[in-house]
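First the structure, in the form of structure tokens, and then the observations on it.
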Amino acid sequence: MKPEHLAEAISIISNSNSIKVSFNVPVNDNYSHTYAILIHESNASVVNQLVKAGFSLSMNPKGLSVDKF
């Protein structure tokens, strides 16, 4: 994800007061590939805002991964 997309996603996420998120979480416990943003707990409003902004959200065993291509 480009730095400007990361900043945009963090801006959207930080407007919510009831969200738990991690940054740069390794995919398979190896830092050669990481999830830039991983949401653990959220509300529907944040998810809707991220989707409207063009972010791709995908569930995985560790949480909800946020990406933009």
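This chain uses plain numbering: 1 for the first residue, then up along the sequence.
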So, taking the atom named OG in Ser65 and the one named CE in Met59, what distance separates them when rounded to the nearest 0.5 Å?
10.0 Å

For the pair Glu41 and Ser18, evaluate side-chain contact (heavy atoms from CB on, under 4.5 Å) and give the outcome as yes or no after the intermediate values.
CA-CA 8 Å; Glu41 292 181 17; Ser18 59; over 6 Å; no

Considering only heavy atoms from C-beta outward, does the side chain of Asn60 approach that of Leu38 to under 4.5 Å?
yes

Minimal heavy-atom distance between Lys62 and Pro26, with the atoms involved, is NZ-O, 2.6 Å

Cluster link Met1 to Val27, ILVMFWY, side chain under 4.5 Å
no

For the residue pair Leu50 and Val66, establish whether any side-chain heavy-atom pair is separated by less than 4.5 Å.
yes

Any side-chain heavy atom of Ile19 sitting closer than 4.5 Å to one from Ile39?
yes

Distance-only, no hydrogens or angles: does the Asn28 side chain make a donor-acceptor pair with backbone N or O of Asn30 under 3.5 Å?
no

The reported gap from NE2 in His40 to OG in Ser42 (rounded to nearest 0.5 angstrom) is 11.5 Å

Donor-acceptor under 3.5 Å (Asn43 side chain, Val46 main chain)
yes

Is there a donor-acceptor contact under 3.5 Å from the side chain of Ser14 to the main chain of Ile10?
yes

Counting C-beta onward and ignoring hydrogens, is there a side-chain heavy-atom pair between Phe55 and Ile12 closer than 4.5 Å?
yes

Would you mind reporting whether Leu57 and Leu64 have side-chain heavy atoms less than 4.5 Å apart?
yes

Assess, by modelled atom type and distance only, whether the side chains of Ser56 and Asp67 contain a donor and an acceptor separated by less than 3.5 Å.
no

Indicate the atoms forming the closest heavy-atom contact of Ala53 with Glu8, along with that distance.
CB-OE2, 3.6 Å

In the structure I gave you, are the side-chain heavy atoms of Thr34 and Phe23 within less than 4.5 Å of one another anywhere?
no

May I have the step-by-step check of side-chain contact (heavy atoms from CB on, under 4.5 Å) for Ile37 and Leu6, ending in yes or no?
CA-CA 8 Å; Ile37 301 175; Leu6 184 63; 3.5 Å; yes

